Q: 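Pasting a structure here, questions to come.
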Amino acid sequence: MKAIAVHPGKADSIHLEDVSKPSLDQIPNGRGVLVRVLRVGVDGTDKEINAAEYGAAPEGDDFLIIGHENFGVVEEVGPNVPDTIRPGGYVVASVRRPGSSIYGKIGLQDFTTDDVYFERGINLLHGYLTEYYVEDSNFVFALPETLREVGVLLEPTTVAEKGINHAYEIQRRLKVWEPRKALILGSGTIGLLMAMAARLRGLELTVASLPKPPYRNSELVEQLGAVYRSTQDSDLRAISEERGPFDLIMDATGFSPIIWEAAEVLGKNGVLVLSSITGGDRKVEINSDRINQSFVLGNKVMVGTVNASPADFRSGVDDLIKAQALFPGWLDQLLTTPIHGLENYEEMIRALTEDADAIKVFVEVNGSR
Ligand code: BGC
Ligand code: ZN
């Protein structure tokens with residue numbers, strides 16, 4: 001069967017690889033799930049892997065099958081797979097697998113303290129840009145029929161879910177935390193999905209991003225009942241004076257200097273969630289005393305988040321269902337750029353690297369339902 005792969009460490013090595021179809025017996029304990037891949041989304045991580053800035057091949061292979069934002073249909077299950085996962089049902093598999101830290105042993109490998117990450121499609125494990133995969137049912141999540149069109153958005157949604165779920169989890173320390181106003185920084189796929197998750201939790205929401213409105217993403221923000229502001233028109237201080245103080249700020253800009261501005265305007269007892277992966281070496285001058293003092297006197301929290309736990313996959317499924325009910329057609333608008341077939345991998349990487357207007361580039365792997 002076909003797979004889109006790279007030679008990690010070699011820039012622009014994306015190619016089509018011929019691999020053998022996996023089978024249930026590759027998964028121990030009768031927990032195997034064989035899945036026919038329907039759609040796979042791609043993102044900045046895939047771009048970095050093809051640029052040889054990130055990623056590693058599985059031991060013994062000189063290629064890595066990429067793609068981690070998967071969606072597929074179950075073909076076959078082992079005898080010990082729970083009956084929520086059955087042939088014909090839609091599923092999404094998670095990305096990270098346990099290493100040796102205790103967090104992996106309790107199913108929270110997103111909190112691993114290991115130096116190496118085992119991530120399907122990213123590091124040391126093959127991904128999903130292929131025709132079939134097998135996985136242990138512990139890492140597979142069932143989706144209802146109604147998510148057929150938008151289920152490929154679940155994995156990126158879980159990144160937003162983990163951030164917001166953990167903000168609430170952390171603030172249980174306050175006994176009565178009732179956040180009212182939230183600010184999302186960035187209006188790319190993750191920023192938009194964070195905006196959706198925040199609105200579904202009833203927050204009064206502002207989304208701040210670089211481009212000047214109106215344009216498609218600012219309109220998507222407004223369709224959620226949120227307010228869009230361009231950081232070219234006003235800085236975060238002005239946005240906070242107008243729309244804050246913010247109980248929750250979540251960053252998905254990829255531009256690290258903005259987090260120090262966000263730290264400065266975060267409201268008392270507020271949480272600032274960081275989710276951007278910034279591999280660079282940028283340095284900026286910050287208002288160190290002011291930020292420190294406001295964090296101390298305001299009991300504020302800054303927290304990083306990566307990947308997601310099973311609980312975030314479950315709340316992600318719930319939120320996709322709710323979003324379809326409350327904002328019909330909104331999620332579909334994120335699926336801007338379909339690529340038809342694995343063999344069009346060059347078009348896929350071009351859309352990912354050159355199409356600045358694309359929200360979600362995804363590959364239709366298997367036409368039939
Ligand atoms: C993925 C996460 C992953 C992270 C770091 C992101 O693109 O969505 O699941 O943990 O990259 O590799
Ligand atoms: Zn990703």
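What you see below is based on every heavy atom in this structure, not just the backbone, and it leaves out hydrogens, waters and symmetry mates. This structure is a prediction, so every number in the text was calculated from the model and none was measured.
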Q: Donor-acceptor pair, distance only, cut-off 3.5 Å: does the side chain of N344 make one with the backbone of I339?
A: no

Q: Look at the side chain of D312 and the backbone N and O of S309, then say whether any donor-acceptor pair between them is shorter than 3.5 Å.
A: yes

Q: So E161 and R201, salt bridge (charged side-chain N to carboxylate O under 4.0 Å, His left out) or not? Walk me through it.
A: CA-CA 11 Å; E161 294 287 326; R201 283 160 183 78; 2.9 Å; yes

Q: Compute whether any side-chain donor of one residue and acceptor of the other, for N165 and S315, lie under 3.5 angstrom apart.
A: yes

Q: What pairs meet the ring pair (Phe, Tyr, Trp, His ring centres under 6.0 Å) rule with one or both residues in residues 332-363, with sequence neighbours excluded?
A: none

Q: Run the salt bridge (charged side-chain N to carboxylate O under 4.0 Å, His left out) check on R172 and E169 step by step: do they pass?
A: CA-CA 6 Å; R172 274 167 46 181; E169 179 70 16; 3.2 Å; yes

Q: Quick one: does S275's side chain have a donor or acceptor within less than 3.5 Å of a partner on D251's backbone?
A: yes

Q: Looking at L224, is its backbone amide N or carbonyl O close enough to the side chain of R199 to form a donor-acceptor pair, meaning the two atoms are under 3.5 Å apart?
A: yes

Q: Should the heavy atoms of other residues, nucleotides or ligands under 6.0 Å from CZ of R216 be counted, would the total exceed 12?
A: yes

Q: According to the ring pair (Phe, Tyr, Trp, His ring centres under 6.0 Å) rule, which pairs have a member within residues 230-273, sequence neighbours left out?
A: none

Q: Donor-acceptor pair, distance only, cut-off 3.5 Å: does the side chain of N70 make one with the backbone of H68?
A: yes

Q: Counting N and O atoms only, with roles assigned by atom type, does the side chain of R31 sit under 3.5 Å from a partner on the main chain of V81, one being a donor and the other an acceptor?
A: no

Q: Checking the side chain of S234 only, and the main-chain atoms of T231 only, is there a donor and an acceptor separated by less than 3.5 Å?
A: no

Q: Can you tell me if Q26 uses its side chain to pair, donor with acceptor, with the backbone of S23 under 3.5 Å?
A: yes

Q: Check whether the side chains of S94 and R97 place a donor and an acceptor atom closer than 3.5 Å, and report yes or no.
A: yes

Q: What do you reckon, is CD of Q223 surrounded by more than 12 foreign heavy atoms closer than 6.0 Å?
A: yes

Q: Between the side chain of Q109 and the main-chain N/O of R96, is any donor-acceptor distance below 3.5 Å?
A: yes

